[in-house]
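Down below is the structure, laid out as structure tokens.
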Amino acid sequence: MNKSKDDLARWILHLLDCRDENERLRVQRVVDLLEANNCYQQLARDARTTLKTRFDLVTHLERQREFSLKTFGPGTRAAGVVDHIRKELREIEADPTEVEEWIDVIILAFDGAWRAGYEPAQIVKAIVAKQAKNEKRRWPDWRTADPDKAIEHDRSADRPAEGESHG
């Protein structure tokens with residue numbers, strides 16, 4: 001504590017010893033405010049730390065794009081990206097518990113998306129939109145599905161009703 005805080009603490013302790021109940025209540029309110037202020041200061045420090053360490057996917061995708069361009073060159077490279085995804089999928093089939101192989105697929109998918117012409121912010125927006133779309137779909141009961149097969153959503157809502165245009 002610095003000198004002014006030491007002086008304040010001594011003054012508060014002295015006043016807490018006083019006999020006047022009203023004065024003691026006023027001092028206690030000051031103490032409560034000081035404690036609350038310290039609490040809020042810590043919360044503010046914690047929030048600043050969280051903001052500094054929060055993962056920003058758009059920033060990450062910009063970094064990834066820079067690395068990928070420098071390392072693998074320009075262009076869509078779609079066939080190469082898809083080939084690499086297939087390789088990673090075989091590695092996942094060999095060991096589905098290896099998180100790094102799952103992450104390789106994610107990184108490759110991001111690489112394919114920006115190489116297809118999408119900006120990092122558009123990719124993030126598409127992720128959010130697709131999750132929302134999936135959440136609105138009707139899905140079969142997972143308990144009745146074959147665990148070795150994909151669980152597909154009910155596609156009857158995707159098809160146009162009879163007589164409607166297919167465009």
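Only this structure's heavy atoms are used, side chains among them; waters, hydrogens and symmetry mates stay out.
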When you measure from the side chain of Trp102 to the backbone of Thr97, do you find a donor-acceptor pair of N or O atoms at a distance under 3.5 Å? no
Under a 3.5 Å distance rule, please check whether Gln64 uses its side chain to pair with a backbone N or O of Ile107 as donor and acceptor. yes
Can you tell me how far apart CD1 (Ile127) and CD (Gln131) are? Round to the nearest 0.5 Å. 10.0 Å
Would you compute the distance between atom CG of Asp111 and atom CG of Asp104 and round it to the nearest 0.5 angstrom? 11.5 Å
For atom [atom1] of [X], is the number of surrounding heavy atoms from other residues, nucleotides or ligands below 6.0 Å larger than 12?
| X | atom1 | answer |
| --- | --- | --- |
| Glu100 | CD | no |
| Lys125 | NZ | no |
| Arg137 | CZ | yes |

Scan the side chains in residues 69-84 for donor-acceptor partners under 3.5 Å anywhere in the protein, sequence neighbours excluded, and list what turns up.
| unit_1 | atom_1 | unit_2 | atom_2 | d |
| --- | --- | --- | --- | --- |
| Thr71 | OG1 | Phe67 | O | 2.7 |
| His84 | NE2 | Glu88 | OE2 | 3.1 |

I'd like to check the salt bridge (charged side-chain N to carboxylate O under 4.0 Å, His left out) partners of Arg90; sequence neighbours left out, ordered by chain and number. none
Does [X] share a hydrophobic cluster with [Y], counting links as ILVMFWY side-chain heavy atoms below 4.5 Å and allowing steps through other members?
| X | Y | answer |
| --- | --- | --- |
| Ile92 | Val99 | no |
| Ile103 | Ile85 | no |
| Leu57 | Val105 | no |
| Val128 | Phe55 | no |
| Ile106 | Leu108 | no |

Smallest separation among heavy atoms of Val58 and Ala121, with atom names: CG2-CA, 3.9 Å
For the residue pair Glu62 and Pro120, what are the closest heavy atoms and their distance? CG-CG, 3.6 Å
For side chain to side chain contact (heavy atoms under 4.5 Å, CB included), just list the numbers for Phe110 and Ser68, CA-CA rounded to whole Å, side-chain angles, deciding distance to a tenth of an Å, and then say yes or no. CA-CA 11 Å; Phe110 285 152; Ser68 185; over 6 Å; no
Only counting residues at least two apart or in another chain, list the ones meeting side-chain hydrogen bond (donor to acceptor under 3.5 Å, both in side chains) with Glu119. Arg65
